[in-house]
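In what follows, residues are counted from 1 in the order of the sequence shown.
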Amino acid sequence: MAVCEIQFNADNALERMVSVNVILPETGDGPFPVYYLLHGLSDNHTAWQRYTSVERYAASLPIIIVMPDGDRSFYTDSALKPKDKYETFITHDLIKRVDTLFRTIPTREGRAIGGLSMGGYGAVKLALKHPDLYSAAVSHSGVLGMMTRSLNGDPAWTKEFSDLFGADAAGSSNDVRTLAEKSDPATRPPLWIDCGTEDFLFDQNEEMHAYFTQLGVPHEYFTMPGDHNWEFWDQQVRVSLPWIAKHLGIG
């Protein structure tokens, strides 16, 4: 695989420069499907390559993997910061630029999205909210139930959460439960959801699995021993890539 870094100029929804890492196949003429892979809350666009072997795991696949910098945005257009439009950046500017720069399959059938923790939430949210853009989504240890969870009285996190989602986050267009309820069964993308049994987010994932099952949302759910760490995510990105390849028509 080949690797490059894209430095976006400020002509985008964020109105500032943004960094994106890309893994590219070195054989074949394309066009290639694209897997958008989102990082977690404390990471940036380099984390997946620094802490996992995702490049090696994808070496045999004719696929482009795009890893954008999402800051601490939860891949959301901020309720109070008008220039923090990360959802718009990911779903519009990033896709447009990737399809311009590389020989991609520029349709829903040629795109999937995944991520860990904050990025797991972002992947599921964006796939349910924009089913015209993504054919499948993967959540590793995703923060899937935060809209209905207590923030434990932490004033700093309460303010950050409020700045992102506004006062009425539960039931909004950023709430995974609400998006699943309103989604069209004919266009819902299939989901892969996993979480380690020692992860502090395990209960959230168990509850979302039960809720998706109740609604009939197509998903595959996996639990196994593991915590909220890179050892777990390295293994899960390895085992989930063939599933992504199958849904992109290359597996």
Could you check whether atom [atom1] of [X] has more than 12 heavy atoms from other residues, nucleotides or ligands sitting under 6.0 Å from it?
X	atom1	result
K129	NZ	yes
K246	NZ	yes
D184	CG	yes

Are [Y] and [X] co-members of a hydrophobic cluster defined by side-chain heavy atoms under 4.5 Å apart?
X	Y	result
I65	I90	no
M17	L14	no
L248	I23	yes
V138	L61	yes
I113	M67	no

Within-4.5 Å side-chain heavy-atom neighbours: [X] and [Y]:
X	Y	value
V18	Y86	no
C4	L24	yes
Y121	M208	no
P68	H45	no
D199	H228	yes
P25	I64	yes
I244	I63	yes
N21	E5	yes

TODO: Indicate yes or no for a side-chain donor-acceptor contact from N205 to the backbone of L144 under 3.5 Å, with no hydrogens or angles considered.
DONE: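 No; judged by distance alone, with no hydrogens or angles, the pair does not exist.
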Open item on the list: Could you check whether any side-chain N or O of N9 sits under 3.5 Å from a backbone N or O of D11, counting only pairs where one atom can act as donor and the other as acceptor?
Closed with: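 It does hold such a pair.
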[X]: what forms a salt bridge (Lys or Arg N to Asp or Glu O under 4.0 Å) with it, not counting sequence neighbours?
X	answer
E160	R72
R16	D84
D99	R111

[atom1] of [X] to [atom2] of [Y]: how many Å apart, nearest 0.5 Å?
X	Y	atom1	atom2	result
R97	F8	CZ	CZ	5.0 Å
R238	R56	CZ	CZ	9.0 Å
E207	F202	CD	CZ	10.5 Å
H140	L38	NE2	CG	10.5 Å
L80	F165	CG	CZ	12.0 Å
S73	M118	OG	CE	5.0 Å

Open item on the list: If the threshold is 4.0 Å, N to carboxylate O, is there a salt bridge linking D163 and K159?
Closed with: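 Result for this pair is yes, salt bridge flagged.
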- [ ] Would you tell me whether S141 and W233 have side-chain atoms, one donor and one acceptor, within less than 3.5 Å of each other?
- [x]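 Judged by distance alone, the side chains do pair up.
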Open item on the list: For the residue pair D69 / S19, report whether a side-chain donor-acceptor contact shorter than 3.5 Å exists.
Closed with: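 Absent: no donor and acceptor within the cut-off.
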Open item on the list: My understanding is that only one of Y36, Y57, W230 makes a ring pair (Phe, Tyr, Trp, His ring centres under 6.0 Å) with W48; could you say which?
Closed with: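 Output: one option passes, namely W230.
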Looking at every heavy atom in both [X] and [Y], which two are closest together, and how far apart are they?
X	Y	value
V98	T104	O-CG2, 3.8 Å
P189	P131	CD-CB, 4.1 Å
V124	S139	CG2-CB, 3.7 Å
A79	S162	CB-O, 4.3 Å
L126	E87	CD2-CG, 3.5 Å
A137	A123	CB-O, 3.8 Å

Task: D194/F232 under side-chain contact (heavy atoms from CB on, under 4.5 Å): CA gap, chis, key distance, verdict - done: CA-CA 10 Å; D194 63 51; F232 181 82; 3.5 Å; yes
For residues 26-35, please give each side-chain donor-acceptor pair under 3.5 Å, one per line with the distance, not counting sequence neighbours.
from	atom 1	to	atom 2	distance (Å)
E26	OE2	M1	N	3.2

- [ ] Before giving the answer on side-chain contact (heavy atoms from CB on, under 4.5 Å), spell out for S117 and L201 the whole-Å C-alpha distance, their side-chain angles and the decisive distance to 0.1 Å.
- [x] CA-CA 9 Å; S117 194; L201 296 174; 4.2 Å; yes
Side chains of residues 217-227: which donor-acceptor pairs under 3.5 Å do they make with residues two or more places apart or in other chains?
from	atom 1	to	atom 2	distance (Å)
H219	ND1	V217	O	2.8
H219	NE2	H209	ND1	2.8
E220	OE2	W243	NE1	2.7
Y221	OH	E206	N	3.3
Y221	OH	E206	OE2	2.8

Task: With F102 via ring-ring contact (aromatic ring centres under 6.0 Å, His included) - residues at least two apart - done: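 By the ring-ring contact (aromatic ring centres under 6.0 Å, His included) rule, F102 matches no residue at all.
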